[in-house]
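Computed from heavy atoms alone, side chains included, the values below leave out hydrogens, waters and symmetry copies. Please read these numbers as outputs of a predicted model, since none were measured by experiment.
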Protein chains: 2
Amino acid sequence: MEINERTAHWTQTLQVSGYRLTAARLSVVNVIAASQKALNPMDAYLLARQECPGLGLVTVYRTLEKLEELGLVVRVHAPDGCGAYLSAAEGHEHLIICTHCQRAEYFAGDDLHPLMDRVAAEHGYQIQDHWLQLFGICPECRENS
Amino acid sequence: MEINERTAHWTQTLQVSGYRLTAARLSVVNVIAASQKALNPMDAYLLARQECPGLGLVTVYRTLEKLEELGLVVRVHAPDGCGAYLSAAEGHEHLIICTHCQRAEYFAGDDLHPLMDRVAAEHGYQIQDHWLQLFGICPECRENS
DNA sequence: TTTATTATTGAAAAAGATTATCATTATCAG
DNA sequence: CTGATAATGATAATCTTTTTCAATAATAAA
């Protein structure tokens, strides 16, 4: 999705959901929607402050919470931290994350449902969700090292 | 692996690695090695205190850190928390975790290497690691609800 | 066994990250 | 414009994890 399209979608969703469009909130929306990298609250705070100088870190936390609740962003879990956020995928996709710079991309994987059904049957679990994530070094970071 | 076999293996590995075998450390080893569930430091602390009453929470953190460094336990990441530890699998396997009770089991999945190679090629990432985790309700928790 | 070395311990404090409180401000419907 | 109130940012409070440090206990050497 185009960045402008994404920010438009997010602001509209916020508005439709009864949330107000404030300068602080929009600065966080812009930063996250435009980022190719998973950002933690402090990252997002430092970037968004360039657009909204008075911004408080607490507002970043609150905005991320709302965006997640609306399904617009997802929290990214990685070996070195679990507090970063990324624009949500369209449809369910899997993630590949750069362990150097947190650049993340979605990919459409194999259909895991046969596997999930098999494991569910063999172990007796009722499966609710799954994660498939790859970790590695992105092309850009490979060059810079 | 049998629990006794596992604790023997862990204590031996600790010793061979130059670590001392203390009552506090062994109580944590016993608790984690015997647990079917992923335990966070506080869980492990409360259980291990039954065997070693004077135990301090800090020692649990330190012991888990060493066990992880030796590859004997792994840190489990889940939507509701990323600080729990589980006995490591023998060989690389994937995880299925109960979102109610943290019971976790390993399973041998499909070979993901073809997928990983494809994604690596398409996105230009040099892949280092991957996670495949399923989340659901274990048989026991299903009965109790 | 006894002793010396030093890794380990637990308590307390510190640091970091996240959440709650609250008076002030700003958005938006009317 | 104006009023209702959602949202803000500063501060404080929580919670988790790490650091510090003197006392203790495990191990190797005598």
Separation of atom [atom1] in [X] from atom [atom2] in [N], rounded to whole Å:
| X | N | atom1 | atom2 | answer |
| --- | --- | --- | --- | --- |
| A:Asn40 | C:dT18 | CG | C1' | 12 Å |
| B:Glu65 | D:dT16 | CD | C1' | 15 Å |
| B:Leu14 | D:dA26 | CG | C1' | 14 Å |
| A:Tyr45 | D:dA10 | OH | P | 7 Å |
| A:Leu39 | C:dA17 | CG | C1' | 17 Å |
| B:Tyr61 | C:dA12 | OH | P | 18 Å |
| B:Leu57 | D:dT16 | CG | P | 10 Å |
| B:Leu21 | C:dA7 | CG | C1' | 12 Å |

#### Entry: Phosphate contact (D:dA25 OP1 or OP2) by B:Thr22 side-chain N/O below 4.0 Å
no

### Message
Quick check on C:dT9: is either OP1 or OP2 less than 4.0 Å from any side-chain nitrogen or oxygen of B:Arg25?
### Response
yes

#### Entry: Minimum side-chain heavy-atom gap B:Lys37-B:Cys101 below 4.5 Å
yes

### Connected via hydrophobic side-chain network under 4.5 Å: A:Ile97 and A:Ile137
no

#### Entry: Residue met sooner reading DNA chain C from 5', once B:Val58 and B:Ala23 are mapped to nucleotides
B:Ala23

### Query
Do B:Arg62 side-chain and C:dT8 base share a donor-acceptor contact under 3.5 Å?
no

### Message
Among C:dT9, D:dT17, D:dG9, which nucleotide has an atom closest to any side-chain atom of B:Arg75?
### Response
D:dT17

### Nearest to side-chain heavy atoms of A:Arg20, which nucleotide of D:dT5, C:dT18, C:dG10
D:dT5

### Task
Taking only Lys NZ, Arg NE, NH1 and NH2, and the carboxylate oxygens of Asp or Glu, determine whether B:Glu140 and B:Arg103 approach each other closer than 4.0 Å.
yes

### Message
Can you tell whether the side chains of A:Arg118 and A:Glu122 come within less than 4.0 Å, N to carboxylate O?
### Response
yes

### Query
Got a donor-acceptor contact below 3.5 angstrom from the A:Thr11 side chain to the A:Thr7 backbone?
yes

### Pairwise 5' ranking along DNA chain D for A:Ala24 and B:Tyr19, keeping only the more 5' one
A:Ala24

